A.B. asks: 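Here you go, one structure.
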Amino acid sequence: MKLRIREQVFLPVLLILVLLTVTTYLVFSMTVERYMQEESQREIRGLLLAVSPFADRVFRVPDDLDTITPAQLALVEQAQATDFSNRARPLIKNSASDAHVLVLDREFFPIYPKLEEMEGNDSTVYQFLFDRMQENQLNAFWDEAQQITLNDQQFLVALQEMEEKSQVRARYVIVYNPVFDTSALLGGAAQLVLLITTSLAVLSLVAMWVIAGSISRPIRQLCEHAIRIGSGDFHHIESKTKVKELAELTDAMNEMSQQLERSDTAQKTFFQNASHELRTPLMSITGYAQGIQYGVFPDNSEAAGIIMSESMRLTELVDGILTLSRMDNRHQALNLHPVELNDFLGDVIKKLEGMALKREISLSFHPCTQSVYVRADQDLLLKAFTNVTSNCLRYASKEVQVSILLDQPEWATIQVQDDGPGFSQEDAPHLFERFYKGKGGNFGIGLSIAKSSMEYMGGTIGACNTGHGASFSLHLKCC
């Protein structure tokens with residue numbers, strides 16, 4: 001099934017955005033809770049490491065323990081608890097958690113807060129840890145924070161055992177933090193993430209649909225333009241797209257349309273002129289044949305001669321048209337091989353001397369002083385050179401000169417010059433057009449065959465006025 005450009009662009013983007021939205025939701029749901037747990041453990045362990053030095057420095061055994069009274073000792077312990085609380089409270093507040101700190105002595109008895117001063121969950125957590133200590137099950141708490149459940153309430157508990165010192169009362173520091181059920185919060189956050197990503201995906205799809213349309217619309221217009229070109233409508237199409245490649249494609253199609261229009265016009269003109277050129281000898285042949293049939297001419301030999309002449313002209317014209325057609329369609333056989341120009345042109349000029357003598361024109365040949373080999377097809381080269389030279393003989397006053405030049409590296413030039421009137425500036429651009437009729441006469445298709453033959457062999461042909469007549473240059477690559 002073939003898809004339009006908009007669908008070809010839109011559907012993959014739709015699939016990617018749907019997968020991205022679902023993946024984001026699942027990843028968020030699976031990772032955020034674990035991240036929060038790991039962050040809570042890291043925070044509670046950090047808080048434990050931060051308050052432990054305070055316990056080591058604050059909870060000291062009085063130096064005069066043997067002399068002070070129990071009341072005085074109670075005041076000292078109360079002052080130490082207050083000092084520790086003042087030091088630990090800022091750290092707890094900065095931890096952004098509802099953490100609690102317990103400090104125990106070497107007998108695992110609470111010294112901060114005291115057992116009778118414990119509030120809320122302090123006594124519950126302490127009793128749990130005390131029971132585990134009695135059962136020697138506190139090993140897991142030494143390495144990392146552990147999550148426990150007491151009375152349907154979850155706690156994250158971290159415990160550190162400090163170095164035993166005779167002058168220090170504190171031996172164990174416990175930090176715990178209630179863990180609240182965040183499933184509802186995380187579920188809501190995941191739904192919010194899903195809503196946000198879905199909204200962004202929808203907006204992206206709308207934007208992609210518009211962008212894809214801005215690309216597919218001019219391409220669809222170009223397709224319609226191509227169909228119109230195929231039906232013979234060569235009008236210019238305006239490019240309204242801002243996409244550089246599409247603008248360049250539009251310009252290329254307009255250029256192609258112009259070239260096809262010129263080719264179509266040239267082809268129609270060619271057929272019209274060809275029909276006219278073919279009609280003239282056919283009418284002449286028909287007329288003289290009817291004259292012979294009805295005994296109009298007392299001597300039929302003259303009429304037969306004219307019929308023969310017009311038939312040969314007609315045959316030459318048809319052969320030229322077929323040659324041009326084969327070269328246009330790349331069906332003309334091309335046999336390229338080295339040709340020595342001095343010998344080749346010398347033989348051809350001998351065959352053209354009869355035409356020159358008939359017109360009382362001097363045909364001279366100036367060969368190159370060295371051997372010149374070019375890569376060419378002898379039949380096409382013969383057609384090109386013969387047609388150009390015949391044209392010069394037709395319009396020359398007294399003389400036609402043929403020369404071989406090596407004035408360009410790796411290129412040989414056959415130059416044919418006459419001393420005729422030359423061609424006008426108006427006719428110059430159309431000199432090699434098929435059946436172009438200039439003010440100076442009918443150029444026919446001879447020069448067109450010459451041009452097509454030279455280009456078919458990979459060469460070029462040019463013409464100019466020298467001020468004393470016309471000059472044609474045939475260029476071929478040396479080998």
Side-chain angles (χ1 to χ4, degrees), residues 36-62 70-165 168-183 185:
M36 292 183 65
Q37 291 177 351
E38 293 178 352
E39 188 66 16
S40 298
Q41 288 193 0
R42 184 192 64 79
E43 186 173 318
I44 200 170
R45 290 295 301 178
L47 181 61
L48 179 63
L49 294 176
V51 300
S52 294
F54 295 154
D56 184 74
R57 290 195 296 269
V58 171
F59 294 105
R60 294 275 178 167
V61 177
Q72 291 175 331
L73 180 61
L75 291 175
V76 171
E77 292 177 352
Q78 183 64 37
Q80 290 177 348
T82 302
D83 185 19
F84 179 79
S85 177
N86 292 334
R87 292 171 182 264
R89 189 179 296 111
L91 296 177
I92 297 175
K93 288 182 178 181
N94 292 335
S95 67
S97 63
D98 188 20
H100 296 260
V101 179
L102 304 178
V103 181
L104 311 179
D105 60 14
R106 60 178 56 90
E107 302 295 334
F108 214 79
F109 191 79
I111 57 177
Y112 175 84
K114 292 185 177 181
L115 187 60
E116 62 273 12
E117 296 175 352
M118 287 185 177
E119 298 178 353
N121 297 313
D122 291 349
S123 58
T124 304
V125 173
Y126 168 70
Q127 189 61 48
F128 172 83
L129 293 176
F130 182 81
D131 294 339
R132 294 299 176 274
M133 187 213 142
Q134 296 295 326
E135 300 171 0
N136 293 323
Q137 295 181 0
L138 284 179
N139 294 335
F141 291 89
W142 303 129
D143 298 327
E144 60 182 10
Q146 298 294 322
Q147 186 167 317
I148 61 176
T149 302
L150 300 175
N151 300 329
D152 298 328
Q153 173 68 50
Q154 292 185 339
F155 300 91
L156 194 62
V157 181
L159 188 149
Q160 179 175 341
E161 182 179 8
M162 298 186 296
E163 182 182 355
E164 184 175 1
K165 298 177 182 178
V168 178
R169 298 167 53 210
R171 179 65 185 278
Y172 304 97
V173 178
I174 300 170
V175 177
Y176 75 91
N177 187 35
V179 179
F180 300 99
D181 185 10
T182 59
S183 58
L185 176 62

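Everything numeric here is computed off the predicted structure, so don't read it as measured data.
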A.B. asks: Can you confirm whether Leu104 sits close enough to Phe109 that some side-chain heavy atom of one is under 4.5 Å from a side-chain heavy atom of the other?
C.D. replies: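 Contact flag for Leu104/Phe109 side chains = no.
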
A.B. asks: Would Asp122 and Tyr176 count as having a side-chain donor-acceptor pair, cut-off 3.5 Å?
C.D. replies: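 Note: Asp122 and Tyr176 side chains meet the donor-acceptor criterion.
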
A.B. asks: What's the spacing between Ile174 CD1 and Ser52 OG if we round to 0.5 Å?
C.D. replies: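 Interatomic distance, Ile174 CD1 to Ser52 OG, rounded to 0.5 Å: 11.0 Å.
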
A.B. asks: Do you know which of Tyr126, Phe130, Phe108 makes ring-ring contact (aromatic ring centres under 6.0 Å, His included) with Tyr172?
C.D. replies: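 When ring-ring contact (aromatic ring centres under 6.0 Å, His included) is applied between Tyr172 and each of Tyr126, Phe130, Phe108, only Phe108 qualifies.
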
A.B. asks: Count the heavy atoms belonging to other residues, nucleotides or ligands that lie under 6.0 Å from CD of Glu119, then report whether that count exceeds 12.
C.D. replies: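 Atom CD in Glu119 is not packed in, count stays at 12 or less.
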
A.B. asks: Hey, is the main chain of Gln153 close enough, under 3.5 Å, to the side chain of Asn151 for a donor-acceptor pair?
C.D. replies: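 No, because the side chain of Asn151 does not come within donor-acceptor range (under 3.5 Å) of the backbone of Gln153.
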
A.B. asks: Applying salt bridge (charged side-chain N to carboxylate O under 4.0 Å, His left out), can you list everything that pairs with Arg171, at least two apart in sequence or on another chain?
C.D. replies: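 For Arg171 the salt bridge (charged side-chain N to carboxylate O under 4.0 Å, His left out) partners, ignoring immediate neighbours, are Glu161, Glu164.
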
A.B. asks: Is Arg42 salt-bridged to Glu39, cutoff N-O under 4.0 Å?
C.D. replies: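 Yes, this pair counts.
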
A.B. asks: When you compare the side chain of Leu102 with that of Tyr112, does any pair of heavy atoms fall below 4.5 Å?
C.D. replies: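 No, side chains not in contact.
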
A.B. asks: Is it the case that the side chains of Arg45 and Gln160 hold a donor-acceptor pair, with the cut-off being a distance below 3.5 Å and no angle test?
C.D. replies: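 Side chains of Gln160 and Arg45: no pair found under 3.5 Å.
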
A.B. asks: Is any side-chain heavy atom of Leu138 closer than 4.5 Å to one of Arg132?
C.D. replies: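 Yes, close enough: below the 4.5 Å cut-off.
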
A.B. asks: To the nearest 0.5 Å, tell me how far Phe155 CZ sits from Leu129 CG.
C.D. replies: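 Those atoms lie 11.0 Å apart.
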
A.B. asks: Parallel, tilted or perpendicular for Phe128 and Phe141, by the 30°/60° rule?
C.D. replies: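 The rings of Phe128 and Phe141 stand perpendicular, inter-plane angle above 60°.
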
